Amino acid sequence: SLPASTLKGLKIGVFDTRIALEDISVQFIRFFQKRSGGGAAVMAKHLARKGITCISEPEGFCVLESEGPLKDGELDRATEWVRVLMTKTNGGTI
């Protein structure tokens with residue numbers, strides 16, 4: 001609900017947490033997740049309409065259950081994703 005002018009020019013990365021497609025037993029939910037690209041893709045589209053620049057493709061990190069924890073290897077993957085974002089924005093490091 002924020003006016004577009006308050007967000008214009010921001011550079012962001014958008015992510016979500018999700019259950020991996022291969023771990024979803026309900027066919028409809030698997031289809032919907034695959035078709036939509038996940039919550040991060042939807043958020044990125046809405047934010048782009050407000051003038052925000054996404055500096056990377058939306059990313060999804062997989063959890064074991066709806067409340068977590070992250071699947072093995074996902075924390076390392078997320079850390080690397082943030083490092084890349086930091087490099088793209090200001091050359092910073094974590």
Side-chain angles (χ1 to χ4, degrees):
S1 64
L2 291 171
S5 61
T6 62
L7 303 174
K8 191 172 179 111
L10 287 177
K11 295 178 182 178
I12 63 163
V14 180
F15 74 94
D16 62 44
T17 57
R18 59 180 76 165
I19 296 175
L21 286 175
E22 64 271 11
D23 294 338
I24 299 173
S25 60
V26 178
Q27 186 70 21
F28 171 75
I29 295 173
R30 186 179 319 139
F31 171 80
F32 181 74
Q33 167 115 343
K34 190 173 183 180
R35 175 120 171 130
S36 72
V42 174
M43 288 185 286
K45 287 177 189 174
H46 286 290
L47 292 168
R49 287 187 216 130
K50 296 281 188 177
I52 295 174
T53 302
C54 288
I55 58 174
S56 74
E57 291 297 314
E59 188 59 74
F61 300 102
C62 296
V63 294
L64 294 174
E65 298 176 21
S66 61
E67 299 293 321
L70 289 169
K71 288 183 87 168
D72 288 343
E74 290 296 89
L75 184 57
D76 292 335
R77 206 167 66 78
T79 301
E80 183 57 30
W81 182 75
V82 170
R83 281 193 176 102
V84 170
L85 290 180
M86 295 291 293
T87 300
K88 288 181 177 183
T89 58
N90 63 7
T93 58
I94 298 175

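Reckoned from all heavy atoms, side chains included, excluding hydrogens, waters and symmetry mates. Note that the structure is predicted; figures quoted are calculated from it, not measured.
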- Who pairs with K71 by side chain to side chain donor-acceptor pair (under 3.5 Å), at least two apart in sequence or on another chain? D23
- Task: Scan residues 64-89 for pairs that pass ring pair (Phe, Tyr, Trp, His ring centres under 6.0 Å), counting only residues two or more places apart or in two chains.
- Result: F15-W81, F61-W81
- Query: V63 versus I19: any side-chain heavy-atom pair under 4.5 Å?
  - Reply: yes
- Query: Which heavy atom of C54 sits nearest a heavy atom of V14, and at what distance?
  - Reply: SG-CG2, 4.1 Å
- What is the distance from atom CE of M43 to atom CD1 of I52, rounded to the nearest 0.5 Å? 11.5 Å
- Item | side-chain contact (heavy atoms from CB on, under 4.5 Å) partners of E57, counting only residues at least two apart | none
- Query: Can you pull the salt bridge (charged side-chain N to carboxylate O under 4.0 Å, His left out) pairs that have at least one residue in residues 36-46, sequence neighbours excluded?
  - Reply: none
- Which residues satisfy the side chain to side chain donor-acceptor pair (under 3.5 Å) test with Q27, sequence neighbours excluded? R30
- Task: State the CG-CD1 distance between L85 and I55, to the nearest 0.5 angstrom.
- Result: 4.5 Å
- Query: Does the side-chain contact (heavy atoms from CB on, under 4.5 Å) test come out yes or no for R77 and E74, once each step is laid out?
  - Reply: CA-CA 5 Å; R77 206 167 66 78; E74 290 296 89; 2.9 Å; yes
- For V84, enumerate each residue passing the side-chain contact (heavy atoms from CB on, under 4.5 Å) test, keeping only those at least two apart in sequence or located in another chain. E80, K88
- Task: Decide if atom CD of E22 counts as having more than 12 heavy atoms of other residues, nucleotides or ligands within a radius under 6.0 Å.
- Result: yes
- Task: Would you name the heavy atoms of A41 and P58 that are closest together and state the gap between them?
- Result: N-CB, 3.7 Å
